[in-house]
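Nothing here was measured: the structure is a model prediction, and the numbers come from that model. Proteins come first, then strands; the chains are lettered A, B, ... in the order of their sequence lines, and each starts at number 1.
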Amino acid sequence: MAETRRPEVDVAIVGFGWCGAIMAKEMREAGLRVVALERGAMRDTWPDGAYPKTLDELTYNVRHRLFQDLSQSTVTIRHNEGQQAVPYRRFGAFLPGQGVGGAGLHWSGCHWRVLPEELRLRSHYEERYGRGFIPDEMTIQDFGVTYAELEPHFDFAEKVFGTSGTAYRVKGQVVGEGNPFEADRSSPFPLPAQKNTYSAELFRRAALEVGFHPFSIPSANTSAPYTNPYDCQMGPCNFCGFCSGYACYMYSKASPNVNILPALRDDPEFELRPGCEVLRVDLDSTGRQATGVTYADAEGNTVTQPARLVIVATFAYNNARLLLLSRIGQPYDPRSGEGTVGRNFNYQNMATIKAFFDTDKYVDPFIGAGGNGVAFDDFNGDHFDHGPLGFVGGSPCWVNQAGNKPASGIALPAGSPGWGAAWKKAARDAYRHTVSMDAHGTNLSYRDCYLSLDPTYRDAWGQPLLRMTFDWHDNDIRMSRYVTAQMEKVARAMAPKSINVLVKQPGAHFDARSYQTTHMGGGAVMGTDPRTSVLNRYLQSWDVHNVFVPGSSAFPQGLGYNPTGTVAALTYWSARAIRGEYLRNPGPLVPR
Amino acid sequence: MSNGSLPSDRRGLMKLGAALLPALAGLEAGHAGIGRAEAGTPPAAAPAAYAPGYFTATEWRFLHAFCDRLIPADETGPGAVEAGVPEFIDRQLATPWGFGKLWYMEGPFVDGPPELGVQSPLTPRDLYRQGIAAVEASVRRAQGRAFAELDAAARDAVLHALDKGETDLGPALPSAYFFASVLQDTLHGYFADPVHGGNRGMGGWKMVGFPGARGDFWDWVDRHDGRPYPLPPMSITGRRA
Ligand SMILES: Cc1cc2nc3c(=O)[nH]c(=O)nc-3n(C[C@H](O)[C@H](O)[C@H](O)COP(=O)(O)OP(=O)(O)OC[C@H]3O[C@@H](n4cnc5c(N)ncnc54)[C@H](O)[C@@H]3O)c2cc1C
Ligand code: SF4
């Protein structure tokens, strides 16, 4: 096991998921020499999504072939400071990715633009509801960037991803049957919306009947053949149903591997090194400038990779960990409220309703696509009056039938047994006749929810694991219960035989055992004040100007929607700032 | 912090067992219900064709008798034994999963709140070896016979007690955790593609009407008439049921 030093490059990118891939392409367009270091293996449609082997639920969805290797590294979790954190030993609530493409290779594909008011959440609530409306313990804040500034980057990202959807308003003109709550767009979606599954169609009709405003979920699963601005080609999605957790064998689900890597692969000035676990960003003696990164390669060698610019793109909470390990920025202290790295860790807040129909009505849940479905946004963002309700936040509601297969579990009506002959009958009578719908809500940020390094547990390289201190708060549970009750009206309007409402009870604790989502955020948030943010509005470290940190780690609080559309737009926004101002004049883009 | 400690009291054991239950994904609807104890036929003998790689002959008999009650054979569909679930489990135990290599297994193993997940140091191989021995010992103490020799109703009673966390399997293995693990593996074996050794003849898929590795529903997605997708299941090998 040797220590080696590689020749300097212009840019070292840590992690090759969506953020790493977008940055790599952008930095190459700027003419810079780029090395991307990815801890996981090389992955691509072939062999990792090859037909028919990919249609294997046990391997991919039960044993999680494409996800992070927890035996090497994981996180620890506790609900509060009084507890001893314990390791997240097996997958449950969230499923981080690993390998070339990151979770972007095997995500689902719901592709959203953040709501304008969510980018300035604190200001918006203070303006509309008054300062006293936001609870003291809630540390929500503005992103420091506006929707208008991000719009061109949302637009471009949709073109790169080949997103299917129906626009509502383009350049101020109402053009279609899309989401009437959606912000203005500069152009329509590159592809028309996908077809609806039967379950989504039932939901659409019922939502209309109740008086809500259903629309097709913008989906990064293609409705038709497509070629993106990088000349990468996609085929139409056939609703194979082996989507979330699987690489797409049809080249239909946007991924860094399908939509960006082909444009980089043969570029001699770009090098992708899989199997490289970055241990830290190296700083010079002043601690104000990064000199590159140090990583462990697959053979166990410790390698120094000097670079003029370092992009930390390791996914959500991992970004905070790498900053903490590298001593970039001041760690957050929940008692004093000082320090920023690890502050405002946030997540998603899901509730689900299962509607069970008679056995002569076939919903066939195995037909589906990860990004596909029908949603209504009447209770997302600030589309409804929060004044009398007394909580902050909201949830989009949807049927998003990604393909439910039996080995991952068959939902049964309440009171059904879990085994034996009666279970068999219940499973047979439920499986093809169940519509599942979600209220996919905000989790806001709180003083006592944060990330830090664990004092006890270590990864395979001897470095401390990241520790999450996290629990649900009353505001978020009340929000979820309110919106779920609205969605229940839609479920009932579908006239099912029975329904099951799975929503957090008051006082519920975070449960790491059952899937929530993999939409965590915060820990390295962006903003306008270095006392409450790790990054400036261009995702540049306030402390070390040649370190940029793209990812949902920049979100000061959780969104109602899935994060990746906003993550991608922010990454393009940051990349353009680097390509423009930063390269001309390397230094802080915003004075401290 | 109790360094490297295992849960040592009864409450700890219960918590650890309960901790696995929600991991049975999709059983949100309440796993706690009572299965009907039916006077089933004794479990079919293990097919001669498959020789277990991990289980001893005694364990193998136990596993058949156990799975047979989790998913009994009846007119609804094949039982776990017919479906090859024991073979599936035996084969899975030879994979990295069986050795606990898909999990973070560094100590110390400290019992946390159940919501924070299983903290057991046992690999699946350990779990089956220790669990089967402990259940056998407990059944022998109480009834003077091997588990596989009990009739269906008596075996169901043993399963219910395990499920409820009422059987003492020693300090390292809460009975509810053992039960939930075997049930989970059984369901996986019943519904996974037959290439993994279970779901023989795609019987599990036929029971619920899952078409398996079809992988293309373009023509079916927007029929919207509530009628069933018509094609029978297919394995990733291309074999049809
Ligand atoms: C099952 C699933 C479904 C999802 N569905 C949706 C959806 O429908 N819509 C949506 O918006 N979002 C969805 N997401 C979330 C989406 O996948 C992420 O938001 C997105 O991938 C984030 O991109 P990223 O580049 O920040 O991180 P990733 O894509 O996770 O990439 C980060 C990469 O960094 C690597 N890395 C980490 N640490 C190191 C290190 N120290 N050294 C080197 N490399 C390192 C990792 O191995 C990984 O490959 C889903 C996620 C999952 C798991
Ligand atoms: S459902 Fe569509 S996008 Fe998803 S994996 Fe199948 S073909 Fe690809």
Side-chain angles (χ1 to χ4, degrees), chain A residues 51-53 55-58 62-63 70-71 74 77 79 84 86-90 92 195-198 201 238-242 361-362 364 366-367 405-425 427-428 431-432 457 500 502 509-514, chain B residues 1 19 22-31 33-36 38 69-72 74 76-77 97 101-106 108 110 112-113 115-119 156 183 187-188 191-193 196 204-205 207-211 213 215-218 220-224 226-229 236:
Chain A
Y51 177 89
K53 264 174 55 183
L55 308 178
D56 179 356
E57 188 185 11
L58 183 79
V62 174
R63 301 282 185 247
L70 293 186
S71 74
T74 182
I77 311 177
H79 290 130
Q84 149 88 47
V86 292
Y88 182 63
R89 295 184 181 276
R90 313 172 183 190
K195 305 191 217 187
N196 287 338
T197 58
Y198 184 42
E201 183 58 20
N238 68 13
F239 295 84
C240 82
F242 289 81
K361 182 165 178 146
Y362 287 80
D364 283 352
F366 44 81
I367 300 178
K405 299 168 288 296
S408 303
I410 297 175
L412 302 179
S416 306
W419 54 277
W423 166 81
K424 286 177 77 177
K425 289 198 185 67
R428 180 199 61 193
Y431 175 59
R432 296 180 78 174
Y457 294 95
N500 240 7
L502 304 155
H509 291 294
F510 170 59
D511 193 329
R513 299 167 299 179
S514 45
Chain B
M1 191 187 70
L24 290 161
L27 299 185
E28 305 98 318
H31 163 260
I34 312 292
R36 212 154 17 101
E38 285 178 328
R69 296 317 302 156
L70 291 174
I71 310 181
D74 61 15
T76 311
W97 170 81
K101 294 211 167 127
L102 304 191
W103 300 336
Y104 183 80
M105 291 295 262
E106 298 302 314
V110 189
E115 293 93 346
L116 297 184
V118 174
Q119 297 295 322
D156 282 354
L183 174 58
L187 293 173
H188 288 160
F191 288 128
D193 194 285
H196 299 289
W205 288 352
M207 181 185 95
V208 294
F210 174 60
D216 178 6
F217 300 108
W218 179 256
W220 300 95
V221 57
D222 56 349
R223 298 223 165 177
H224 299 177
R227 297 176 56 75
Y229 172 78
I236 53 183

Closest non-hydrogen atom pair between B:Leu102 and A:Leu70, with its separation: O-CB, 3.9 Å

Look at B:Trp220, B:Trp205, B:Tyr229 and state which one has the largest set of heavy-atom pairs under 4.5 Å with chain A. B:Tyr229

For the candidates A:Glu57, A:Lys405, A:His79, A:Lys53, which exhibits the highest count of non-hydrogen atom pairs separated by less than 4.5 Å from chain B? A:His79

Of the non-hydrogen atoms in A:Ser408 and A:Val62, which two are nearest, and what is the gap between them? OG-CG2, 4.3 Å

If you count heavy-atom pairs under 4.5 Å with chain B, which of A:Lys361, A:Arg432, A:His509 comes out on top? A:Arg432

Contact origin within B:Trp103 toward chain A - heavy atom pairs under 4.5 Å: both

If I compare all heavy atoms of B:Val208 with all of A:Ile410, which pair ends up nearest, and what's the gap? CG1-CD1, 3.9 Å

Salt bridge (charged side-chain N to carboxylate O under 4.0 Å, His left out) against A:Glu201, all qualifying residues, sequence neighbours excluded: A:Arg204, A:Arg205

Among the listed options B:Gly204, B:Gly215, B:Ala192, B:Ala213, the residue most often paired with chain A at heavy-atom distances under 4.5 Å: B:Gly215

Is it the side chain or the backbone of A:Tyr431 that comes within 4.5 Å of chain B heavy atoms, both, or neither? side chain

Can you give me the closest heavy-atom contact between A:Phe242 and B:Phe210, atom names plus distance? CZ-CZ, 4.1 Å

Using a 4.5 angstrom heavy-atom cutoff, name the option from B:Leu70, B:Ile236, B:Val221, B:Asp222 with the most pairs to chain A. B:Val221

Is it the backbone or the side chain of A:Asp364 that comes under 4.5 Å from a heavy atom of chain B, or both, or neither? side chain

Which atoms of A:Val86 come close to chain B, meaning under 4.5 Å heavy atom to heavy atom: side chain ones, backbone ones, both, or neither? both

Contact origin within B:Met105 toward chain A - heavy atom pairs under 4.5 Å: backbone

For A:Phe239 against A:Lys195, the heavy-atom pair lying closest together: CZ-O, 3.5 Å

Report the option among A:Ala427, A:Cys240, A:Gly241 that has the most heavy-atom pairs separated by less than 4.5 Å from atoms of chain B. A:Cys240

Does B:Ile71 reach the side chain of A:Lys424, with side-chain heavy atoms less than 4.5 Å apart? yes

I need the minimum non-hydrogen distance between B:Pro211 and B:Phe217, along with the two atoms involved. CG-CZ, 4.0 Å

A:Phe366 versus chain B, heavy atoms under 4.5 Å apart: side chain, backbone, both or neither? both

Of the listed B:Tyr104, B:Trp218, B:Phe191, B:Trp97, the one with the largest count of heavy-atom pairs under 4.5 Å with chain A is B:Tyr104

B:His196: what forms a ring pair (Phe, Tyr, Trp, His ring centres under 6.0 Å) with it, not counting sequence neighbours? none

